[in-house]
Undergrad: 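Take a look at this one; I'll ask things after.
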Amino acid sequence: IPPVPANIMPPRDVKHGKHGTPKRTWEYREADGKLIGLIHRFEDGRGGKTLIPMSYCYSDKGGKMWTWKSFDKPRPLYNLPTLARLKDAPVLVFEGEKTVDAAQKIYGDKYACTTWPGGAAAVKYSDFRPLKGRTVILWRDNDDPGLKAMSEAAEILMGEFGTTPSMVDVPHGLPEGWDIADEVPEGFSLDYHVLITSAEPFVPVSDAAIAKMNREYAFIITGGRSAVLFEQRNPKDGSVDVEYWSTGAFREYFANQLVSSGRNQVKLGDYWLASPERRTYRGVIFEPGIERPELYNLWRGFSFEPDSSGDWSIFQSHLLNNVAQGDEKLYLWIMGWFAHMVQKPSEKIGTSLSLRGNQGSGKTIVGKIFGALMKRHYTLIDQERYLFGNFNSHMASTILLHSDEGFWGGDPRHVGKLKSLVTSDTQRIEQKGRDSLQVNNYLRLLITTNEDWVVPAAFDERRFAV
């Protein structure tokens, strides 16, 4: 009998004949707060769990009572009053009520969080109409059933309501089945807000084997040659390092893995390369804030979301009193240089900042702290070959290049290269064994050193601030 009459309260001291007393109970309510039913969670003490719904129904004897019965189909979403209250907020869809409760505490009123009842296998029985016309972001559990469930939800939203959701890319290295309600493993860096802002639009793939491969691999044209792009993820923080494999090496790597194709068994590498659903790009770009679906963008965004409640007074004092030596104008120039990097990463500033001082004076920490704001686009180097060498693929997606203990020793061959890095709008990237490619140059060069002679600064120098 949905909704439950206002004078009927949820039952107390619930006990199931087989599973005993529930550990948790969640109330499903309509948007106006009227009770629909309950979901009870039972645990067996060995890590197993069972979720059983309870509804208020007519009994066989003509009365009314609470009983173990699923909600009527299509089944309502959880947390509907919050979805109604935050009617203009994006919606985050998770798998499980426990996860939704944890997420709502994390995100507050910035996002409305919801799920469907019944777990991964019950997506098709759910009523997704409250999500029509809203911005929807799907966050799956870290396992194959979670991926399948969210893919099914995405296809329902697209097919029935014309809503294209985005999908959070859960970082590799997290435990099997991990969700946002679980503890983050020790040593693993994870920013929940950044994961949301970096979610990408869902692209439906009918073949599960192809969908799984597409999570890590993409066919790409780079430097005039075909290649397979491999997104190698750091298990500690989920960051991505890009590798380029030849199609031959890719085929050989997957030659011992077979998949069914009709009546035949074929090698996984060949199967994926021939699939029309494989992930494909016709080039590589590095463009902060730009979306071009046909090109692979090396931009990974910022490492943190802004938080105005933070306190940076200690670091601010270090910049003003130690780095700028109490000079207010110099301090503001330094802050402006770094602020431009954050506010307008896709603009070339055309100047380089060099910090010179004694050992232990806190030069290097300046680069490390600002670099942490965009750690996937911060490169710290301490050898000459990483600045002037032929192979420079690490610079392709660098915004802040930090040369610690700057090592330019007056070699005239390097003057042009150094000046070009600071002011040129483009740079040529050369990878081992591949043709070079040209990308936009948004690099800022920060040099920290103990040496007297830091950079090749000529009369009326405009590139270098020391």
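Remember, predicted model here, so these are calculated numbers, not experimental data. Note that these values count all heavy atoms, side chains included, but never hydrogens, waters or copies made by symmetry.
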Undergrad: Between Trp68 and His40, how do the two ring planes meet: parallel, tilted or perpendicular, split at 30° and 60°?
TA: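 Taking His40 first and then Trp68, their aromatic rings stand perpendicular (interplane angle over 60°).
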Undergrad: Is any side-chain heavy atom of Val170 less than 4.5 Å from a side-chain heavy atom of Arg140?
TA: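 In short, these two side chains touch, coming nearer than 4.5 Å.
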Undergrad: Under 4.5 Å between any side-chain heavy atoms of Arg215 and Leu147, yes or no?
TA: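 The answer is yes, as the side chains (C-beta and beyond) meet within the 4.5 Å cut-off.
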Undergrad: Does Asp109 come within less than 4.0 Å of Arg85, counting only side-chain N to carboxylate O?
TA: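 Counted as a salt bridge, because a side-chain N and a carboxylate O are separated by less than 4.0 Å.
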Undergrad: Show your working on side-chain contact (heavy atoms from CB on, under 4.5 Å) between Trp26 and Asp101 and close with a plain yes or no.
TA: CA-CA 10 Å; Trp26 292 276; Asp101 289 351; 2.9 Å; yes
Undergrad: Answer yes or no: does atom CD of Gln265 have more than 12 heavy-atom neighbours from other residues, nucleotides or ligands under 6.0 Å?
TA: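 Buried by this count: over 12 neighbours within 6.0 Å.
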Undergrad: Is it the case that atom NZ in Lys212 sees more than 12 heavy atoms from other parts of the structure closer than 6.0 Å?
TA: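 It does not: Lys212 NZ has 12 such atoms or fewer within range.
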Undergrad: Say you draw a straight line from OG1 of Thr247 to CD1 of Ile220; how long is it, rounded to the nearest 0.5 Å?
TA: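 Those atoms lie 13.5 Å apart.
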Undergrad: Looking only at non-hydrogen atoms, find the nearest pair between Ala112 and Thr82 and report the distance.
TA: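 Smallest heavy-atom distance, with atoms named: CB-O, 4.3 Å.
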Undergrad: Taking atom OH of Tyr125 as the centre, report whether more than 12 heavy atoms of other residues, nucleotides or ligands fall under 6.0 Å from it.
TA: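 Count not over threshold, so no.
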Undergrad: Got more than 12 heavy atoms from elsewhere within 6.0 Å of NZ, Lys49?
TA: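 Check fails, neighbour count at 12 or below.
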Undergrad: Under a 4.5 Å cut-off applied to non-hydrogen side-chain atoms, are Phe128 and Val136 in contact?
TA: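 No, side chains not in contact.
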Undergrad: A quick test of your reading: do over 12 heavy atoms of other residues, nucleotides or ligands sit less than 6.0 Å from CG of Asp44?
TA: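 Yes, CG of Asp44 has more than 12 neighbouring heavy atoms, counting only those of other groups under 6.0 Å.
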Undergrad: Determine whether a donor-acceptor pair (N or O, by modelled atom type, separation under 3.5 Å) exists between the side chain of Arg278 and the backbone of Leu273.
TA: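 Present.
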Undergrad: Please report the C-alpha distance between Tyr271 and Leu258 in whole Å, then the side-chain angles of each, then the deciding distance to 0.1 Å, and finally whether the side-chain contact (heavy atoms from CB on, under 4.5 Å) criterion is met.
TA: CA-CA 9 Å; Tyr271 183 70; Leu258 303 178; over 6 Å; no
Undergrad: To the closest 0.5 Å, what do you measure between OG1 (Thr398) and CE (Met374)?
TA: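 Going from the OG1 atom of Thr398 to the CE atom of Met374 covers 11.0 Å.
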Undergrad: Does the plane of the ring in Phe250 sit parallel, tilted or perpendicular to the ring in Trp272? Use 30° and 60° as the thresholds.
TA: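 Tilted.
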Undergrad: Looking only at heavy atoms, which two atoms of Ile36 and Pro2 are closest? And how far apart?
TA: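 Closest pair (atom of Ile36, atom of Pro2, distance): CG2-CB, 4.4 Å.
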Undergrad: Could you tell me which non-hydrogen atom of Pro117 sits nearest to which non-hydrogen atom of Pro76, and how far apart they are?
TA: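 Scanning both residues completely, I find the closest heavy atoms to be CD-O, 3.1 Å.
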Undergrad: What's the shortest heavy-atom distance between Leu295 and Arg282, and which atoms?
TA: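 Reported closest heavy-atom pair: CD2-CG, 3.8 Å.
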Undergrad: I want to check something: taking the side chain as every heavy atom from C-beta on, are Tyr56 and Lys64 in contact at a cut-off of under 4.5 Å?
TA: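 SC-SC contact between Tyr56 and Lys64 confirmed.
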Undergrad: Tell me, yes or no, whether the heavy-atom count around Asp13 atom CG, taken from other residues, nucleotides or ligands under 6.0 Å, exceeds 12.
TA: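 At most 12 heavy atoms, drawn from other residues, nucleotides or ligands, come within 6.0 Å of this atom.
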Undergrad: Taking Arg134 for the side chain and Leu83 for the main chain, is one N or O donor matched with an acceptor at less than 3.5 Å?
TA: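 Such a contact is found between Arg134 side chain and Leu83 backbone.
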Undergrad: Do the side chains of Trp139 and Asp179 get nearer than 4.5 Å, heavy atoms only?
TA: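 Not touching, per the 4.5 Å side-chain cut-off.
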Undergrad: Centre of Phe161's six-membered ring, under 6.0 Å away, within 45 degrees of the axis: is that where NZ or CZ of Lys132 sits?
TA: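 No; the conditions do not both hold, so Lys132 does not lie above the ring face of Phe161.
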Undergrad: Within this structure, what is the OG-CZ distance for the pair Ser397 and Arg376, rounded to the nearest 0.5 Å?
TA: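 Nearest 0.5 Å value for the OG-CZ distance: 11.0 Å.
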Undergrad: Does atom OH of Tyr253 have more than 12 heavy-atom neighbours, drawn from other residues, nucleotides or ligands, at distances under 6.0 Å?
TA: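 Open: at most 12 neighbouring heavy atoms sit under 6.0 Å from OH of Tyr253.
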Undergrad: Measuring from Thr25:OG1 to Glu97:CD, what's the distance to the nearest 0.5 Å?
TA: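 It is 10.5 Å, given to the nearest 0.5 Å.
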Undergrad: Step through it carefully: locate the ring centre of Phe94, locate the ring centre of Tyr78, and say whether they are under 6.0 Å apart.
TA: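 Not under 6.0 Å, so no.
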Undergrad: Assess whether side-chain contact (heavy atoms from CB on, under 4.5 Å) is satisfied between Leu373 and Ser303, documenting all intermediate values.
TA: CA-CA 5 Å; Leu373 299 178; Ser303 304; 6.0 Å; no
Undergrad: What heavy-atom pair brings Val266 and Ser261 nearest, and what distance separates the two atoms?
TA: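 It is CG2-CB, 4.0 Å.
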Undergrad: Please assess Lys34 against Val4 for the test side-chain contact (heavy atoms from CB on, under 4.5 Å), listing each intermediate value before the final yes or no.
TA: CA-CA 7 Å; Lys34 294 177 181 177; Val4 177; over 6 Å; no
Undergrad: Just say parallel, tilted or perpendicular for the rings of His402 and Tyr378, cut-offs at 30° and 60°.
TA: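 Because their plane-to-plane angle lies in the 30° to 60° range, the rings of His402 and Tyr378 count as tilted.
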Undergrad: Would Phe286 and His377 count as a close aromatic pair, with their ring centres under 6.0 Å?
TA: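 When the ring centroids of Phe286 and His377 are compared, they turn out to be within the sub-6.0 Å range.
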Undergrad: To the nearest 0.5 Å, how far apart are CD in Glu43 and CZ in Arg24?
TA: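 It is 9.0 Å, given to the nearest 0.5 Å.
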Undergrad: Between the main-chain N or O of Met9 and the side-chain N or O of Trp66, is there a donor-acceptor pair closer than 3.5 Å?
TA: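 Answer holds: yes.
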Undergrad: Could you tell me whether the side chain of Asp141 and the main chain of Asp143 form a donor-acceptor pair under 3.5 Å?
TA: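 Not confirmed, Asp141 side chain does not pair with Asp143 backbone.
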Undergrad: Test salt bridge (charged side-chain N to carboxylate O under 4.0 Å, His left out) on Asp191 and Lys375; report intermediate values, then the result.
TA: CA-CA 12 Å; Asp191 188 297; Lys375 57 186 176 183; over 6 Å; no
Undergrad: How are the rings of His19 and His16 set relative to one another: parallel (under 30°), tilted (30 to 60°) or perpendicular (over 60°)?
TA: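 Ring orientation, 0 to 90° scale: tilted.
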Undergrad: Does Leu157 reach the side chain of Phe202, with side-chain heavy atoms less than 4.5 Å apart?
TA: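 Result no, sub-4.5 Å side-chain heavy-atom pair not found.
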Undergrad: When the ring planes of Phe254 and Tyr217 are compared, do they come out parallel, tilted or perpendicular, using 30° and 60° as the limits?
TA: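 Ring orientation, 0 to 90° scale: perpendicular.
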Undergrad: Hey, what do you get for CZ (Phe188) to CD (Glu183), rounding to the nearest 0.5 Å?
TA: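 Result: 14.0 Å between the selected atoms.
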Undergrad: Within the structure provided, determine whether Arg444 and Leu353 are in side-chain contact (heavy-atom separation under 4.5 Å).
TA: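 A side-chain contact under 4.5 Å is absent here.
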Undergrad: Ignoring hydrogens and geometry, is there a side-chain-to-backbone donor-acceptor pair from Gln104 to Cys113 under 3.5 Å?
TA: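 Present.
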Undergrad: Is it true that atom CD of Glu243 has more than 12 heavy atoms of other residues, nucleotides or ligands lying nearer than 6.0 Å?
TA: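 Buried by this count: over 12 neighbours within 6.0 Å.
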Undergrad: Is the distance from the ring center of Phe302 to that of Trp299 below 6.0 Å?
TA: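 Ring-ring flag for Phe302/Trp299: true, centres closer than 6.0 Å.
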Undergrad: Looking only at heavy atoms, which two atoms of Val259 and Ala209 are closest? And how far apart?
TA: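 Of all heavy-atom pairs spanning Val259 and Ala209, the closest is CG1-CB, 4.4 Å.
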Undergrad: May I ask you to test the His340-Glu347 pair for a side-chain heavy-atom distance under 4.5 Å?
TA: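 The answer is yes; the side chains approach within 4.5 Å.
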Undergrad: With distance as the sole criterion, is a donor-acceptor pair present between the side chains of Tyr442 and Glu287 under 3.5 Å?
TA: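 Side-chain D/A pair, Tyr442 to Glu287: present.
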